[in-house]
Every structure is written in structure tokens, then in C-alpha cells.
Amino acid sequence: MNTKNSQAPILECKDLCISYYTRAGEIPAVVDFSLTLFPGETVGIVGESGCGKSTVAMAIMQYMGANGGIKSGSITFKGQNMTHMSEEELRQIRGSEIAMIYQEPFASLNPSVKISTQLIEVPMAHEGISAKEAWQRALQVLKDVKLPDPERVMNAYPHQISGGQQQRVVIAMGLLSNPSLLLLDEPTTALDVTVEAGIVKLIADISKKYGTSQIYISHNLGLILETCDRVFVMYSGEVVEEGSIDSLFSRPRHPYTHGLFACIPLPTADKNAAPLRPIRGQLPLPHERPQGCYYGPRCDHFIAATCDGEHIMMAPVEGSAANHRVRCARWREIEHDRVIPEGIGEQPVAVGEYILEVDKLQKYYEVRDNSLKALLSGKRIRHIKANEELNFRARKGETVAIVGESGCGKSTFAKVLMGLETSTNGEIRHNGVEISEIAVRDRSNKQVSSLQMIFQNPFDTLNPSHTIGSQISRVISKFGGKTEKGKIREKVMNLLDIVKLPRDFYYRKPRQLSGGQKQRIGIARAFAGKPSMVIADEPVSALDVSVAAAVTELLMDIQREQKTTLLFISHDLSVVRYLSDRIVVMYLGQILERGSTEEIFSPPYHPYTEALLSAIPIADPKVTKREIVLEGNLPSVMNPPKGCPFCTRCPRHIGAICDNEVPPVQQVNGRHFIKCHISLDELAQVEEVIHVPSKAERQQTVHPTQ
Amino acid sequence: MATLIAKRLGLMLFTMVIVSLILFLLLDTNLAGDPAARVLGQFASADQKSLWLAQHGYNDPLMTRYFHWVSGFVQGDLGESNRYRAPVADILGPRLWNTAILGFWTFAIMIPLSLLFGILSGMCEGSKLDRTLSVISIVTTSVPEFASSVFFAAIFVFGLKWLPGTSGMAEGFDWVQMVLPVMVLVVYGFGYVARMTRASMAEVMTAQYIRTAILKGLPYKTVILRHALRNALIAPFTVIMLQINWLLSGVIVVEFFFAYKGFGALLLEASLNNDVALLEACAMVAVVVAVTTQTLADIGYTYLNPRIRFS
């Protein structure tokens with residue numbers, strides 16, 4: 001992608017200030033935002049929630065709701081100032097010149113209108129072409145976004161196609177009138193990892209094929225690296241650093257950018273060698289921003305008088321690639337080498353006896369089909385095989401991750417383990433006791449307290465009308481064996497200390513807490529009864545990068561201290577790589593591969609593991625990886641393939657045997673197993689997916705001149 | 001879809017059987033008072049009563065009598081009204097037709113008006129227009145029919161002398177006589193539907209797909225008509241169907257007040273005069289209407305909401 005700097009810019013935002021006007025007064029959402037976008041260029045805006053990145057996109061669209069407005073500055077699109085346009089002029093630009101792609105594809109499609117209608121109305125409204133012509137165009141674009149069977153999709157309603165297909169439809173909708181600017185607001189956040197990889201590749205292809213300029217908004221630095229030419233890092237409503245991908249990713253100048261990088265687990269890091277370094281403190285509220293540098297209170301390089309005086313302006317970074325600018329008073333003085341931290345690691349936890357043994361576990365759900373046809377043919381009850389023959393074990397103090405995309409049965413397994421469901425067949429032994437058929441209501445207090453769970457969404461799991469203190473106290477009085485009020489209180493305070501929250505949170509209600517704080521309470525609650533095993537179901541996926549890093553570290557610390565076995569359920573392989581000792585890869589209710597983290601991340605791989613690894617976005621330009629994009633969708637669990645569950649999408653499909661016969665479980669060595677028809681020798685020949693340069697190579701490339 | 005309709009029809013039939021049984025036990029047996037006394041009056045002697053009971057087959061076993069009654073009903077023999085001394089079917093038919101006319105005009109005015117009000121206020125929630133329309137809807141809905149009947153009569157009949165005070169239609173059908181009853185019913189009913197529509201529309205307008213539609217650059221009219229309306233109408237549709245049920249009882253006051261010869265007035269008369277056969281027939285008609293509208297509402301709902309249709 002070449003940036004044709006000789007041409008006139010497509011979009012120019014100049015000193016843009018956007019405010020929301022509420023009863024509490026004016027809230028500045030975005031301050032002093034400048035951006036110039038040339039034809040064919042892709043610019044990324046990265047930042048955590050609340051930093052104003054979506055506000056910028058909505059301002060470009062001139063759609064800010066009744067209480068938002070541009071306070072000063074201008075947005076110039078192809079030479080016209082958009083801030084002075086009438087509704088009608090804006091309407092003609094929206095959808096034809098500037099199109100937008102949204103975070104949640106399902107919510108942005110109208111549920112009761114057919115996809116064909118939603119597509120053809122775009123060119124019909126803007127170009128006045130006939131319905132028939134628009135239909136042909138829509139069909140063509142659906143083919144361009146690589147949707148299988150576009151005719152069927154045209155006649156479907158949004159709920160009848162999968163999430164990845166919905167996002168492709170939304171992208172097609174954006175492309176229909178061949179816009180010159182595409183705004184993408186977290187387009188893959190709601191999607192599964194392998195689907196995400198497909199969409200990202202599609203977006204990159206589009207910008208090449210159509211020459212569309214793009215603004216890509218994301219919280220994920222890895223995705224920005226893969227898609228963009230230039231990147232803007234936003235913090236608390238302002239850009240703190242901008243530059244070309246190469247320049248900014250290899251030598252970030254702003255302490256916040258550094259902080260972000262230190263918060264994401266890189267494929268080279270694991271929890272014992274290089275713990276994540278979370279950014280301390282919290283994002284300031286828009287009306288409580290500090291003097292001078294907004295990042296000041298959280299910055300390690302803060303110096304009074306220099307950093308909290310006048311507002312700091314963007315300054316170019318000399319000796320760097322073009323357009324690298326930074327908003328920091330001390331960028332020249334701070335050592336900016338992004339060296340991989342070493343030596344500050346922790347001792348790995350010594351693993352003990354087996355805490356959990358899962359043996360041939362099966363969980364089937366019955367579904368009743370109530371259609372007339374099923375009534376007549378008598379086939380009313382069908383089985384969904386949510387879990388099929390799960391085998392694995394976990395030792396004391398070990399972290400075992402279960403990895404897989406949505407619908408792979410990982411949450412079902414957690415439910416069976418917790419006793420929210422009972423198994424159909426097979427055994428789960430926890431501390432040697434069979435528990436798979438005991439519902440949680442019939443388990444003893446001791447069994448329940450020794451097996452606890454941390455939930456995905458901290459916002460929904462705390463009771464909004466009880467104080468934090470009373471919610472944790474209840475767990476202690478039930479499981480902790482303590483009955484005296486004073487002692488319970490003392491224990492709660494103790495737990496608050498452990499999760500690093502101030503003691504006066506005892507009296508707070510959940511709504512007064514931020515997402516990360518709520519998740520800490522969730523962790524405190526889970527650990528209140530001294531469990532021997534904790535199941536964490538995507539505990540950080542709903543949190544921002546810096547908050548997630550802090551919560552992850554906390555979890556690791558407590559685990560180290562209490563020697564708890566942690567069952568970590570996740571779809572994010574980079575986090576999994578970072579914190580787990582062993583990994584179980586699931587697909588359609590079956591385990592395809594299991595082994596230690598090292599074993600999973602190096603050949604021989606199961607072909608599905610290989611695809612999962614390739615889908616990890618890595619925020620390091622020096623790391624190279626092999627591109628494997630899976631075609632097609634996850635098959636329905638109602639109707640899984642007869643042979644290998646992965647046969648419909650497998651890039652290494654070897655013939656009819658894959659479709660018709662259940663593959664054997666092959667033992668690679670020790671506790672590393674792969675369920676595949678391909679021989680181990682052949683799988684071992686496969687090249688590494690992620691290539692991490694050695695330290696020597698890295699040092700060389702990072703400091704070309706010094 | 002076929003299964004759904006078959007199921008709804010089955011349920012409809014089942015409901016009607018149950019209701020008819022309850023009706024029969026309440027009105028036609030001595031579980032709740034003496035049927036002979038209901039017809040002959042309190043001062044009839046014991047001999048007269050037992051003679052009447054024997055003549056009318058009341059000494060047969062209960063089930064036989066029930067099946068006799070139901071089979072008559074199914075064949076259109078609704079029994080004989082002892083107030084009008086005529087077959088119930090002959091009386092009920094014209095009365096139902098009159099109420100249907102009244103109901104049709106009420107709905108023909110009320111539904112478009114309330115949908116328009118609701119959609120306009122839902123489109124611009126919080127605006128002056130929204131507040132004005134909301135106040136109108138709430139005020140009209142909170143005035144009961146008997147009050148508004150008196151009120152409108154005072155204005156249009158006694159004050160301005162524009163309209164007749166009764167709607168007996170003594171000299172055949174007369175448009176002018178229809179105005180007041182329809183007006184009272186519309187004023188009472190439309191506010192409720194308008195409020196429901198407003199809430200539904202306001203919710204839809206905040207949905208992300210409306211943002212998508214606007215940012216696609218569609219004309220505002222298309223955004224409203226194609227993307228907002230259909231989703232916004234899902235909830236009010238059920239309410240509108242329920243309003244048909246409400247109308248059947250709602251007409252009692254209005255028909256009585258304006259002496260309109262409809263179903264409501266008939267129901268009132270039947271119950272005041274212990275006219276058992278007539279009462280049973282009226283109740284069964286009400287049940288049929290209630291169950292039919294619910295079935296239609298369910299089918300219509302699945303049509304409006306494709307997510308239900310295909311799951």
C-alpha cells in the first residue's frame with residue numbers, strides 16, 4: 001500500500017474539539033484532534049474505552065446525537081467543510097462517499113428486513129438505479145466479500161446467517177456505492193478468532209482492490225499492525241502519539257504507548273519469565289483531567305512542573321520516520337528502548353498431585369423438534385453433542401487452559417464441572433471424588449467451596465442492590481466456616497487487601513466500581529472459600545488492555561500464593577500462551593489436541609491449532625507468522641460431520657477418511673495428544689506458525705544506527 | 001407455520017369447550033341458584049317450578065343436558081329468549097351486525113389516529129410535539145366512557161344542538177346518529193394504543209440498525225417507513241388485537257347511553273332480566289371473538305417478526 005502523498009488528502013481533521021453537553025455541563029470528549037488521510041491509506045486509531053476513538057468516527061459522519069457537537073476545528077472531506085453541511089448534503093455523502101462498518105454486525109442489521117432489501121437500497125438511494133440493477137450489483141459485492149452462496153444470503157433475514165457472514169454483509173453494504181472512505185469501528189471485536197482473521201484479510205484486500213481509504217478503530221494493537229499504514233494512539237480524548245506502523249511499533253516514544261505494549265502478552269513471554277506490567281491507576285474522567293499531561297498521574301516518568309504545567313502539544317520526533325509525532329514534554333530524556341524485560345521473573349509454581357481428572361466425559365442435550373414433519377416422522381428428539389469424550393487431567397497449582405471458538409463446548413464443560421448441568425456419561429473426579437452427576441444443589445458445602453468460578457462479565461455478576469462487603473461476607477459465612485461477625489469482616493478486609501482494593505470498598509455498591517474493580521471483587525468472591533480449583537471463564541475479555549493486564553497479574557499472584565489449580569477458559573491464545581501451563585484445544589465438543597503450552601505452540605500441530613495460532617494478532621512487527629485463513633463456518637452442533645469434526649474447514653484435509661472416520665488419538669509424547677488422521681511424522685514436518693526472532697536478531701533490527 | 005395454526009385452532013376449540021362448560025354449570029344448573037326461579041320469578045310455587053323444570057328437560061342427567069345444549073349450539077339452535085319470546089339466533093344476529101358497524105368505524109378512525117400520534121411522538125422523543133401528544137393521549141384515556149358520553153352529549157346535543165342525543169336508528173340507519181358513540185369510543189381507546197406505539201417507536205429509534213440506515217444515506221422517510229415502522233409495530237399490533245376484546249365490553253356503556261341497538265345493550269338486558277339462553281349465547285360470542293383475535297394476533301406477530309417465524 002503506497003501512500004500517494006502527492007495527491008490531495010481525502011479527509012482532513014484540523015484541531016477538532018468535540019464535546020457532549022449534559023445537565024452536568026459540557027464534557028469534552030475529544031480535544032485537539034488532527035488527522036490527514038490520503039487516498040488509499042489506512043489509518044488506525046487505537047486506545048482504551050472512553051478515549052474518544054468512536055466519537056471521532058461519529059464526528060466524521062456528523063452523527064453525534066442530540067447532545068453532542070463539534071466545538072471548534074474543522075473536518076474537511078474532499079475539500080468541503082463537513083461541519084457546515086446541511087442534512088441533505090450530509091445524506092448524499094453518507095453511504096456513498098463515506099461508509100461505516102460497525103462493532104456488532106447483528107445489531108446494525110435490521111432484523112425484520114431481508115438482506116437483499118437492506119443492500120439494494122444503498123445504490124438505489126444514491127445513484128437512482130433500478131432495483132434490478134442494484135440487485136446485480138449487490139450480488140457481485142457479496143461475491144467480492146467471499147460469501148458462499150450469495151443468492152441464499154440475499155433472500156435471508158439477518159438472524160439466519162452466522163456472525164462472520166453478517167459482518168461480511170455489513171462490509172458489502174459499505175462497499176456497495178464504492179466509497180472513498182471507509183470507517184471501521186472495532187469490526188472484528190464481536191467475532192471468533194478464526195473468523196476475525198478472515199475479516200481482517202478481507203479488509204486488507206478491499207483497500208488494495210478498491211483503493212478505499214480506511215480509518216480503522218480498535219483497541220487491539222496487533223490488529224492495527226496487520227491492517228494499517230499509520231497509527232494514532234489516543235488517551236483520554238487526545239492523540240498522544242502518531243506515526244507510521246514501523247516507526248511507532250519499533251520505537252514508541254510516549255510512556256502510554258509503552259505502557260500499552262507492556263500490557264499485552266507477546267508470544268515470547270510467559271508468566272514466569274516476564275510478567276505483564278500493568279499501567280497503574282485509572283483513566284481520568286473527562287471533567288477530572290489533570291493539568292498539563294493527562295497521563296501524568298499514571299506515568300512513571302512524571303516530573304512536577306514539567307508535566308503538570310501548560311497543556312502539552314504534539315511535537316515531531318526528529319530523526320524518526322516521517323510524521324512520527326508525540327505529545328510528551330520529556331520524550332527526549334526518557335530511555336525508549338523497548339527491551340524485553342528479563343530477570344524479574346517469578347519461580348514457577350511446583351505442581352502437585354492430580355486435582356481434576358476428566359475421563360471420557362460426555363454431555364448431550366436433547367432438543368425437541370416441534371415441526372409438523374418431525375411430528376409425523378416420529379423423530380422428535382435429537383441430541384446435541386455438546387461434549388464428546390473429554391479426557392484430561394490437571395494437577396495442583398497448574399493452570400490449564402481450554403481454548404476454542406464459540407460453540408466448541410467449553411462453557412458446557414464448565415457448567416458440568418460446576419454442577420449446573422449433570423453429565424450424560426463419563427466421569428469427573430475432583431480430589432478423587434466423582435462429581436459429574438451431582439448437581440450443585442446436592443453437593444456438600446465443602447465440594448462447592450473447593451470449586452469456584454470467575455465469570456466473564458463482571459458487570460452482570462454482582463447484585464446491584466447489595467454492598468460489596470455483604471456479598472463477600474455471605475460467601476465466607478457459607479463456605480469459610482466462620483460465623484462471628486467480627487471475624488467475617490476481618491476476612492473480607494483481608495480479601496480486599498489480596499485483590500488490591502481499598503478497604504472502604506466494603507461499603508460500596510457495585511455501580512460505584514469500574515469494570516476492572518468489579519472483576520477483582522469477582523476474584524475475591526471466588527477465592528473466599530479457599531477453593532482448590534477455580535474456573536475462570538474468559539475473565540478479562542470484557543476489560544480494557546491495561547485493566548486486563550492488572551487483573552491477569554492479580555489472578556496469577558493469588559494462584560501462586562494459594563497453589564490453586566486454575567482452569568482458564570478462553571479464545572485468546574496470546575493470553576493463554578502467557579499464563580497457562582497446559583492447553584486443551586476444543587472444537588465442536590471434542591478435544592483435538594492437548595499438551596503443555598510449549599508443545600501446543602510448536603510442531604507437530606493439529607491443523608486446527610495451526611489455524612488458531614495463525615489467527616493471533618501480534619503487536620510486534622519483528623515477529624512473522626504464516627497465514628492460514630479458514631474457509632467456511634463452524635458446522636452446526638445439531639448436525640456435526642460424521643468423521644473428524646474439523647474436516648469441513650481443514651486446510652490439510654487428506655481425503656474421504658477425514659469425512660467418514662473418527663480420527664484416532666495419537667500420543668506424541670508424555671501428555672501431548674493429537675486427534676488426527678495425518679501421521680505424527682508428517683505433522684512434525686510442518687513449519688512453525690509464529691516465528692519469533694532471536695534476541696540477537698531483534699537487537700540488530702531495533703537499533704539500526706547507534 | 002402450519003403447525004402453529006393447527007395448534008392455535010386446537011387451543012381455541014379447547015378454550016371454548018371449557019368456557020361453555022363453566023357457563024352451563026353456572027347458568028343452567030342449580031349449582032348457582034335455581035334456574036326455574038330465574039325464569040319464573042321468586043314468587044313461583046314449588047309445583048310450578050318442578051313442572052317447568054320437567055318440561056324443559058332439567059331432570060335428565062347433567063351430561064346429557066350439556067351435550068344436548070352444545071349440539072344445539074353447534075347447529076345454530078341457540079335456544080329461546082324468554083324476554084323476547086323469540087329464538088336467540090334471530091335477536092342476536094342483527095344486534096351483532098350493529099355492533100360490528102360501530103366497532104368498524106371506531107377502529108377505522110382510532111387505529112390510524114393512534115398509530116400516527118404514537119409514531120410522531122416516538123420519532124422525536126422529548127420534543128414539544130411529543131409532550132403535547134402525550135398529554136392529549138393520557139388525558140383522553142383517563143376519562144371513562146360514561147363521563148365522556150355525558151360530556152360530549154352536553155356539548156354537541158344540548159349546547160350546539162348539532163347531533164341527536166340518541167342513536168336508536170328508529171327510522172333506519174342514520175350516519176348522524178353514529179357520530180357520538182364512535183367519538184366516545186375513539187377518544188377513550190386511542191390514547192392507550194398511542195402510548196404503546198410511542199414507547200415501541202422510541203425504542204426502535206435508538207436501535208443500531210436505525211443508525212446504520214441513517215448513515216447509509218437513506219432519505220429520512222425511507223429510514224422511518226422501511227426500517228423503523230415495521231419493528232415498531234410489533235408490540236402495538238398485539239395491543240390492537242386486544243382492543244377488539246375490550247370493545248365488546250366497552251360498547252355496553254356507550255350503547256346503553258345512546259340507546260344504540262347493539263350487542264352490548266343486549267348483553268346488559270339479558271343479564272338484568274335473567275334471560276339465560278340469551279346470556280349464554282352472548283357469552284359464547286364474546287369467547288369466540290376473544291379467542292379468534294388472539295389467534296390472529298399470534299399469527300400476525302410471527303408475520304411481522306421473522307425471527308419467530310423461522311425458529
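So that the names make sense, note that chain A is the first sequence line, chain B the second, and so on, each numbered from 1. These numbers come from a predicted model, not from an experiment.
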Minimum heavy-atom distance Pro111(A)-Asn231(B), with the two atoms named: CG-OD1, 3.8 Å
Would you confirm whether Asn110(A), through its side chain, and His227(B), through its main-chain N or O, come within 3.5 Å as a donor-acceptor pair? yes
Could you check whether atom CH2 of Trp97(B) has more than 12 heavy atoms from other residues, nucleotides or ligands sitting under 6.0 Å from it? no
Is Gln92(A) in contact with chain B via its backbone, its side chain, both, or neither, using a 4.5 Å heavy-atom distance? neither
Shorter than 4.5 Å, heavy atoms on both sides: which option in Val113(A), Thr117(A), Leu109(A), Val170(A) has the most such pairs with chain B? Leu109(A)
Would you say Phe77(A) has more than 12 foreign heavy atoms packed within less than 6.0 Å of its CZ? yes
For Thr212(B), does its backbone N or O pair with a side-chain atom of Ser108(A) as donor and acceptor, under 3.5 Å? no
Proximity of residues 123-130 of chain A to chain B, residues having a non-hydrogen atom under 4.5 angstrom: Ala125(A), His126(A)
Rounding to 0.5 Å, atoms CD (Glu87(A)) and OH (Tyr220(B)) come to a distance of 9.5 Å
Is Arg226(B) close to Gln118(A) at the side-chain level, that is, under 4.5 Å between some pair of heavy atoms? no
Exercise: identify the closest heavy-atom pair between Met58(A) and Leu215(B): SD-CD1, 4.4 Å
Heavy atoms from other residues, nucleotides or ligands near CH2 of Trp105(B) exceed 12 (cutoff 6.0 Å): no
Using non-hydrogen atoms and a 4.5 Å limit, figure out which bit of Ile214(B) sits close to chain A: side chain, backbone, both or neither. both
For Tyr21(A), look at atom OH and say whether over 12 heavy atoms of other residues, nucleotides or ligands are found less than 6.0 Å away. yes
Side-chain atoms of residues 97-105 of chain A: list all donor-acceptor pairs with protein atoms under 3.5 Å, sequence neighbours left out, distances to 0.1 Å.
residue  : atom : partner   : partner atom : Å
Glu97(A) : OE1  : Lys78(A)  : NZ           : 2.9
Glu97(A) : OE1  : Ser180(A) : OG           : 3.0

Short question: side chain of Arg94(A), backbone of Lys216(B) - any donor-acceptor pair under 3.5 Å? no
Distance (rounded to the nearest 0.5 Å) between Asn305(B) CG and Ser112(A) OG: 7.0 Å
